[in-house]
Amino acid sequence: MRVSTMALICRRFAAKKRGTFTQSLSLFSSSFHDLSHNNNRPFSPTPRIDFSCIHGVDDAVFLFREMLRMRPQPCVVEFNKLLTSIVKMKKYSVTLNVFDEMRQSGASVDEYTLNIVINCYCLLNRVDFGFAILGSFFKRGYEPNIITFNTLIKGLFLDDKVIEAEKLFIKLLALGLCEPNEATILTMVNGLCKAGHTLTAYDLLRLLEKTSFKPDVQTYNTVINSLCKDRMVDDALQLLATMIDKGIAPNIVTYNSMLQGLCNFGRWKDVKDLIIEMADHKISLNVFTFNILVDALCKDGMVKEAKDVFEIMMQKNVPPNSVTCNAMIDGYSLVGQIDKARKLLDSMSGRGLKPSIINYGRLINGYCKNEKVDLLKD
DNA sequence: GTAGGGTTAG
């Protein structure tokens with residue numbers, strides 16, 4: 001029902017898209033005009049800030065206070081860079097505090113700043129405050145852009161407000177507030193998948209394929225992965241064929257998701273075919289691919305075959321990692337070859353791998369399963 | 001490089 005609403009609007013919107021594009025071009029040219037105008041202002045140097053000294057959040061806050069004291073004050077771009085550096089450290093509350101201080105001290109704020117702030121609220125699961133900031137866009141005479149809306153859509157999904165996210169997306173399309181881009185589509189599709197609405201995401205993707213919006217490889221990957229996780233492996237295979245048909249090249253992530261799905265159902269013939277297809281597309285297997293194979297073989301009790309894959313990894317110069325070792329340890333334990341599991345764990349240091357608590361845990365688990373707990377005393 | 005999107009293995 002919801003998707004059919006989207007269908008209607010997508011078609012209508014796709015038909016109008018050319019006009020919108022021209023409009024946005026004219027918007028661009030006006031901002032170029034503004035830029036050149038700014039360049040003609042009397043020369044007044046604003047300090048350039050060196051952000052390379054920031055190694056932690058305290059450095060960032062210290063630098064911020066310095067920036068507030070500077071005369072003339074650094075321009076808003078520098079403040080935005082500073083805020084971004086705090087966001088990158090995932091210190092969203094600190095970013096908001098700094099923003100608050102900026103406002104109180106009258107430092108200048110622009111659309112970029114407001115988008116950064118909305119993003120922080122969204123990441124703190126306070127999309128409601130994000131919408132409040134949207135209000136201050138208008139108050140300050142700024143226009144929210146597609147980044148603003150993408151951020152808010154993501155925020156709604158993070159806050160489990162799936163219906164609201166869909167409504168906002170539909171509003172974007174219907175009212176032509178902003179032209180959705182690939183990020184919008186991925187945000188929608190990813191949000192729907194994460195919320196457990198894989199089929200809605202799938203329908204939306206198939207719908208967008210028919211319009212002038214072109215979902216990218218990441219969007220296909222998200223849906224293929226989600227279909228596999230939801231046991232709809234054949235639909236995922238079909239979608240893989242579709243994307244190739246549409247000229248979107250699958251990448252290693254696409255194939256790894258697909259292989260995981262097939263392995264979960266022991267579809268070894270399909271696994272083999274897919275690996276051949278990967279070779280045809282000149283996509284080499286990476287450590288994820290091999291780990292999926294090793295793990296699946298071990299879980300199916302085919303430890304000998306798993307060990308063969310383990311050897312192939314070394315030949316192919318894709319060294320096994322800690323995850324590979326865990327899979328093998330579990331595999332050996334499953335078939336009662338706990339000594340081989342122990343030997344593998346002992347060999348890890350020689351392979352440049354530091355056995356972790358997880359590796360030991362797996363081995364201990366193996367000993368328990370094999371009722372050899374007394375051997376742990378060694 | 002001033003702001004937004006993602007994915008795969010234990």
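Residue numbering restarts at 1 for every chain, and letters A, B, ... go by the order of the sequence lines. Everything numeric here is computed off the predicted structure, so don't read it as measured data.
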For [X], answer base if it contacts any base atom (sugar-phosphate contacts may also be present), sugar-phosphate if it contacts only those atoms, and nothing otherwise; contact means non-hydrogen atoms under 4.0 Å.
X: A/N225; result: sugar-phosphate
X: A/T222; result: nothing
X: A/Q218; result: base
X: A/T289; result: nothing
X: A/E182; result: base

Compute whether any side-chain donor of one residue and acceptor of the other, for A/T324 and A/N321, lie under 3.5 angstrom apart.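 Side chains of A/T324 and A/N321: pair found under 3.5 Å.
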
Could you tell me the separation between the [atom1] atom of [X] and the [atom2] atom of [N], rounded to a whole number of Å?
X: A/F51; N: B/dG1; atom1: CZ; atom2: P; answer: 15 Å
X: A/Y332; N: B/dG10; atom1: OH; atom2: P; answer: 19 Å
X: A/N264; N: B/dT8; atom1: CG; atom2: C1'; answer: 12 Å
X: A/D50; N: B/dT2; atom1: CG; atom2: P; answer: 15 Å
X: A/I116; N: B/dA3; atom1: CD1; atom2: C1'; answer: 5 Å
X: A/M258; N: B/dT8; atom1: CE; atom2: C1'; answer: 12 Å
X: A/F79; N: B/dG1; atom1: CZ; atom2: P; answer: 22 Å
X: A/L285; N: B/dT8; atom1: CG; atom2: P; answer: 18 Å

Would you call the rings of A/F137 and A/Y142 parallel, tilted or perpendicular, where under 30° means parallel and over 60° means perpendicular?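 Perpendicular, since the angle between the ring planes exceeds 60°.
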
Nucleotide of [options] approaching [X] most closely (side-chain heavy atoms):
X: A/D330; options: B/dA9, B/dG10, B/dG6; value: B/dG10
X: A/A183; options: B/dG6, B/dG5, B/dT8; value: B/dG5
X: A/L186; options: B/dA3, B/dT2, B/dG6; value: B/dG6
X: A/N256; options: B/dT2, B/dT8, B/dG1; value: B/dT8
X: A/T84; options: B/dA3, B/dG4, B/dA9; value: B/dA3
X: A/N221; options: B/dA3, B/dG6, B/dG10; value: B/dG6
X: A/V323; options: B/dT8, B/dA3, B/dG10; value: B/dG10
X: A/D110; options: B/dA3, B/dA9, B/dT2; value: B/dT2
X: A/D295; options: B/dG10, B/dA3, B/dG6; value: B/dG10

Taking A/E277's backbone N and O only, do any of them form a donor-acceptor pair with A/H281's side chain (distance below 3.5 Å, no angle check)? yes

Can you find a side chain N or O atom of [X] that sits less than 4.0 Å from OP1 or OP2 on [N]?
X: A/K154; N: B/dG4; result: no
X: A/N190; N: B/dG6; result: yes
X: A/N119; N: B/dG4; result: yes

With a 4.0 Å cut-off on N to O distance, would you call [X] and [Y] a salt bridge?
X: A/D128; Y: A/K161; answer: no
X: A/R342; Y: A/D339; answer: no
X: A/E182; Y: A/K214; answer: no

Using side chain to side chain contact (heavy atoms under 4.5 Å, CB included) as the criterion, point out the one residue from A/T151, A/I86, A/L83 that pairs with A/I116. A/L83

Examine the base of [N] for any acceptor or donor lying under 3.5 Å from a partner atom in the side chain of [X], and report the outcome as yes or no.
X: A/S322; N: B/dG10; result: yes
X: A/N181; N: B/dG4; result: yes
X: A/N326; N: B/dA9; result: no

